[in-house]
There are 2 protein chains.
Amino acid sequence: MVAEELGEVWCIVVAAGSGRRFGGAKQHVDLAGRSVLERSVATAREVCDGVVVCVAGTDDAEALRAAVHADRVVEGGASRSRSVANGLAAVPERAQVVLVHDAARPLASPELFRQVVAAVRAGADAAVPAVPVVDTIRSLDGPKVDRDRLRAVQTPQGFRAEVLRSAHHSGRDATDDASLVEEAGGTVVLIEGERTNLKITEPVDLDVATALLRRSASSVRATDLEHFEGHGADTAEGGS
Amino acid sequence: MVAEELGEVWCIVVAAGSGRRFGGAKQHVDLAGRSVLERSVATAREVCDGVVVCVAGTDDAEALRAAVHADRVVEGGASRSRSVANGLAAVPERAQVVLVHDAARPLASPELFRQVVAAVRAGADAAVPAVPVVDTIRSLDGPKVDRDRLRAVQTPQGFRAEVLRSAHHSGRDATDDASLVEEAGGTVVLIEGERTNLKITEPVDLDVATALLRRSASSVRATDLEHFEGHGADTAEGGS
């Protein structure tokens with residue numbers, strides 16, 4: 001999908017989390033017939049030349065690699081940053097763009113992956129999908145947080161390969177690779193994320209994800225919108 | 001439900017929004033057989049002595065009042081704060097606790113309403129349900145926002161009636177009544193909100209809400225958790 005002369009695009013899918021909030025290793029849980037991890041890898045494969053999966057303590061890496069159709073499986077590290085660094089070591093030198101994706105976001109669309117790659121191709125050191133924050137946000141350190149200035153950051157995040165490599169050479173820890181790049185002086189571009197790209201954090205999120213997959217499968221969106229507008233028409237608009 | 005000597009509890013359900021992100025007046029949309037507004041009012045009624053609904057430009061307030069089983073219906077104002085002030089004017093003087101609830105949060109549980117009331121009874125000027133922020137958050141004004149210090153604020157929010165009345169006398173505008181109270185020097189207590197208490201903002205949220213209602217109806221939670229732990233057991237834990 002990516003022209004040879006532009007260099008390869010690889011994706012590191014990070015599945016090394018302990019799933020503490022979940023009560024188990026959430027990436028192996030079934031989501032409408034396929035595991036969360038398998039879904040994340042499948043979408044990455046649609047867009048990238050290769051996929052490296054980082055998992056914590058797998059007994060049989062080859063069996064897992066085959067099961068989820070990844071190119072390589074590596075051991076996760078003691079922190080998210082270490083896991084990404086381990087994944088990065090398994091990405092071939094010829095890769096020019098590296099994406100980092102949370103296995104726990106199985107609903108990110110191939111289109112979102114493509115947009116992230118395109119933003120890096122266009123010159124950004126890092127490209128990060130982000131969505132506006134819907135809820136009112138308070139800080140425990142003081143009441144005022146201007147919601148309009150906040151963005152909720154998603155994955156996949158995309159990087160010029162050498163920028164990500166040098167950011168990880170610093171050995172610093174971060175929950176978010178874009179922050180590492182930024183601390184190292186790189187440019188980070190925000191692109192529009194997807195409201196449906198939820199992160200599977202608690203069991204209830206699996207039901208939500210299943211509902212979103214069904215919605216997507218039946219393509220009811222256009223019909224729904226007509227229905228809503230029909231309802232809206234008999235009620236006045238405006239107000240707060 | 002509330003002892004007479006402690007004064008009445010009333011709830012203002014704010015449905016005056018234009019639903020710009022929704023493409024229609026979202027509060028009248030059907031959610032699994034009942035409108036979003038009707039569901040929010042019904043939960044408020046389980047816990048409160050009376051419910052005032054604020055809507056924008058209703059042609060027949062009495063018909064709407066009867067349809068959603070509210071005690072009173074008032075016109076929304078030009079801003080959220082004005083809508084709440086209009087609602088407050090329709091709350092009887094004898095109310096000692098006033099809740100403010102977004103109609104667009106039809107899944108808030110009666111238990112959450114009760115906890116908010118209890119926190120005000122226990123002495124807070126305002127009680128606000130809030131949940132930890134799951135996503136990494138960036139500020140457009142600078143990269144670093146410590147997610148662990150942020151909370152996403154929900155409704156219902158509860159207030160000592162005289163505190164809310166005097167905060168609204170200031171005539172200031174806020175998206176969040178607790179902020180008004182805080183600016184006026186009142187004490188605001190955060191209580192634990194509900195992950196499932198989502199705000200219906202876009203059409204996709206209706207599918208999510210429907211899925212959550214089904215889940216709640218079938219009480220599958222305990223079974224699901226066992227299932228997840230079973231899966232977790234054959235995979236190693238730890239890592240990032």
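None of the values given here were measured: they were computed from a predicted structure. Every chain is numbered from 1 and lettered A, B, ... according to where its sequence line falls, protein lines coming before strand lines.
- A:Val131 does not touch chain B: none of its heavy atoms, backbone or side chain, sits under 4.5 Å away.
- Heavy atoms of A:Ala152 lying under 4.5 Å from chain B belong to its backbone as well as its side chain.
- No side-chain heavy atom of A:Glu202 sits under 4.5 Å from any side-chain heavy atom of B:Val134.
- Partners of B:Glu111 under the salt bridge (Lys or Arg N to Asp or Glu O under 4.0 Å) rule, at least two apart in sequence or in another chain, are B:Arg114.
- Closest of all the heavy-atom pairs between B:Leu140 and A:Leu190 is CD2-CD1, 3.8 Å.
- The two atoms that bring A:Asp207 and B:Ala211 nearest to each other are O-CB, 3.8 Å, heavy atoms only.
- At a 4.5 Å heavy-atom cutoff, the contact between B:Val188 and chain A is made by side-chain atoms alone.
- For B:Arg149, the parts lying under 4.5 angstrom from a heavy atom of chain A are both the backbone and the side chain.
- A:Leu212 touches chain B through its side chain: at least one heavy atom from C-beta onward sits under 4.5 Å away, while N, CA, C and O do not.
- Here B:Arg65 pairs with B:Glu62 under the side chain to side chain donor-acceptor pair (under 3.5 Å) rule; sequence neighbours left out.
- Here CG of B:Leu150 is found 11.5 Å from CG of A:Asp135. Values are rounded to the nearest 0.5 Å.
- Rounding to the nearest 0.5 angstrom, the gap separating the CD1 atom in A:Ile137 from the CZ atom in B:Arg151 is 10.0 Å.
- Interatomic distance, CZ of A:Arg214 versus OG1 of B:Thr210, reported as 11.0 Å (0.5 Å rounding).
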